[in-house]
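Count residues from 1 along the sequence.
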Amino acid sequence: LQKTELKEIEKKNDYNSLGFNDISGTTWVLQSDNKSSAELGFVIDGDLKETKGFFEKFDIIFKVAENQSDNAKIKVVIDVSSINTENSIRDKALMDEDFFNLDKYPSISYFSKKIKKTDENYITSGVIEMMGLKSELSFVFSHLGISLNKNNTKVAIFEGEIEIDRTLFGMSHTPSIGD
């Protein structure tokens with residue numbers, strides 16, 4: 001995917017120097033006209049090699065309350081049918097009932113309950129719902145700044161990573177595939 005490019009901006013408009021508190025009172029959403037502005041990828045460990053892929057369709061809403069960054073909220077909804085591992089046979093298998101069971105559970109969602117500032121990052125705590133099961137989930141993310149994308153639209157740049165055990169959501173343990 002082509003990523004949003006960081007551009008050098010004059011010092012008086014240096015969005016990259018803006019911190020998380022500078023985006024209070026704002027709502028950030030995935031740009032429908034620029035799908036390359038965000039990506040949601042995954043890695044599954046395996047005996048011989050890891051499988052990498054991504055979801056092509058998802059929505060993200062990140063709302064930061066006015067003067068209350070600790071009341072920020074994140075909502076992510078993933079369309080399971082958009083899974084792409086660059087192998088259509090594997091993608092079809094992942095959507096079958098042995099794995100994501102697309103017919104029964106077409107989406108995965110995460111809703112934050114709380115976002116807390118640490119020394120260098122943020123921790124979001126909330127609920128992930130996958131395959132009809134809900135589980136508490138916390139993960140660390142970073143606010144890397146604010147920039148202008150190729151469409152000259154101001155974008156906030158965030159990065160985070162989570163690890164989940166797929167067997168806790170009803171997928172069976174398979175010896176050759178990591179959980």
Side-chain angles (χ1 to χ4, degrees), residues 1-4 20 28-32 34-64 70-144 156-179:
L1 292 174
Q2 179 183 359
K3 301 285 177 243
T4 301
F20 191 80
W28 301 87
V29 296
L30 181 65
Q31 300 171 28
S32 59
N34 183 11
K35 293 294 186 181
S36 67
S37 68
E39 82 174 3
L40 206 152
F42 61 87
V43 176
I44 304 169
D45 294 327
D47 280 351
L48 301 175
K49 67 176 188 171
E50 61 186 19
T51 297
K52 294 180 181 181
F54 56 95
F55 291 96
E56 295 178 334
K57 296 179 187 172
F58 55 92
D59 289 310
I60 299 173
I61 299 174
F62 187 19
K63 186 171 186 169
V64 184
D70 57 335
N71 286 335
K73 300 288 183 208
I74 298 173
K75 176 183 175 185
V76 179
V77 179
I78 303 166
D79 179 346
V80 172
S81 71
S82 72
I83 198 166
N84 184 343
T85 63
E86 297 186 352
N87 179 323
S88 60
I89 295 169
R90 180 175 40 222
D91 294 348
K92 185 175 179 333
L94 287 171
M95 288 187 269
D96 282 344
E97 63 185 40
D98 288 340
F99 292 98
F100 285 108
N101 199 350
L102 172 67
D103 291 338
K104 198 170 181 182
Y105 308 109
S107 65
I108 299 168
S109 60
Y110 175 79
F111 300 93
S112 68
K113 291 181 178 179
K114 182 178 180 182
I115 296 176
K116 181 181 171 185
K117 170 92 170 102
T118 66
D119 287 340
E120 296 180 11
N121 297 307
Y122 298 86
I123 299 174
T124 176
S125 301
V127 175
I128 185 171
E129 183 173 0
M130 187 168 112
M131 299 180 61
L133 298 174
K134 293 181 181 181
S135 180
E136 295 286 325
L137 176 69
S138 295
F139 64 93
V140 175
F141 70 93
S142 301
H143 176 244
L144 303 178
I157 304 167
F158 298 96
E159 184 175 79
E161 187 175 305
I162 64 170
E163 184 173 318
I164 61 168
D165 182 341
R166 65 184 181 83
T167 63
L168 298 178
F169 293 92
M171 292 185 198
S172 298
H173 172 74
T174 306
S176 62
I177 303 171
D179 293 339

(request) Determine whether E129 and I108 make a side-chain contact, defined as any pair of heavy atoms from C-beta on separated by less than 4.5 Å. (result) no
Problem set entry | Side-chain heavy-atom pair F111, K75 within 4.5 angstrom cut-off | yes
In this structure, CE of M130 is separated from CG of N101 (nearest 0.5 Å) by 11.5 Å
**Request:** Please examine the side chains of I115 and F62, heavy atoms only from C-beta on, and report whether any two atoms are closer than 4.5 Å.
**Result:** yes
Between the CD1 atom in I83 and the OG atom in S88, the distance rounded to the nearest 0.5 Å is 12.5 Å
Within-4.5 Å side-chain heavy-atom neighbours: I162 and Y110 | no
Residues at least two apart in sequence or cross-chain that pass side chain to side chain contact (heavy atoms under 4.5 Å, CB included) with I177, listed by chain then number, are I44, F99, R166, T174
Determine, step by step, whether E136 and V127 satisfy the side-chain contact (heavy atoms from CB on, under 4.5 Å) criterion, reporting the C-alpha distance in whole Å, the side-chain angles of both residues, the deciding distance to 0.1 Å, and the verdict.
-> CA-CA 5 Å; E136 295 286 325; V127 175; 3.8 Å; yes
dist K57:NZ -> S107:OG (nearest 0.5 Å) comes out at 13.0 Å
d(L137 CG, K113 NZ) to nearest 0.5 Å is 11.0 Å
Side chain to side chain, V77 and S109, heavy atoms closer than 4.5 Å = yes
By side chain to side chain contact (heavy atoms under 4.5 Å, CB included), N84 pairs with (sequence neighbours left out) F54, E56, E86, D91
Distance col, row S112:OG vs F141:CZ, nearest 0.5 angstrom, shows 8.0 Å
Distance col, row K114:NZ vs T124:OG1, nearest 0.5 angstrom, shows 10.5 Å
Go through it in stages, so that I can follow the logic: the residues are L40 and V76, the test is side-chain contact (heavy atoms from CB on, under 4.5 Å), and I'd like the CA-CA distance, side-chain angles, deciding distance and then a yes or no. CA-CA 10 Å; L40 206 152; V76 179; 4.0 Å; yes
Donor on one side chain, acceptor on other, D79 and S81, under 3.5 Å = yes
Give a yes or no on whether E161 atom CD has more than 12 heavy-atom contacts from other residues, nucleotides or ligands under 6.0 Å away.
no
Hits for side chain to side chain donor-acceptor pair (under 3.5 Å) against D103, two or more places apart or cross-chain, chain-then-number order -> none
Scanning both residues in full, the closest heavy-atom pair of M95 with V80 reads SD-O, 4.0 Å
For I78 and F58 the tightest heavy-atom approach is CA-CB, 4.0 Å
Open item on the list: A side-chain contact here means heavy atoms from C-beta on lying under 4.5 Å apart; do F100 and M171 qualify?
Closed with: yes
- Task: Would you indicate whether the side-chain heavy atoms of S135 and F169 approach each other to under 4.5 Å?
- Result: yes
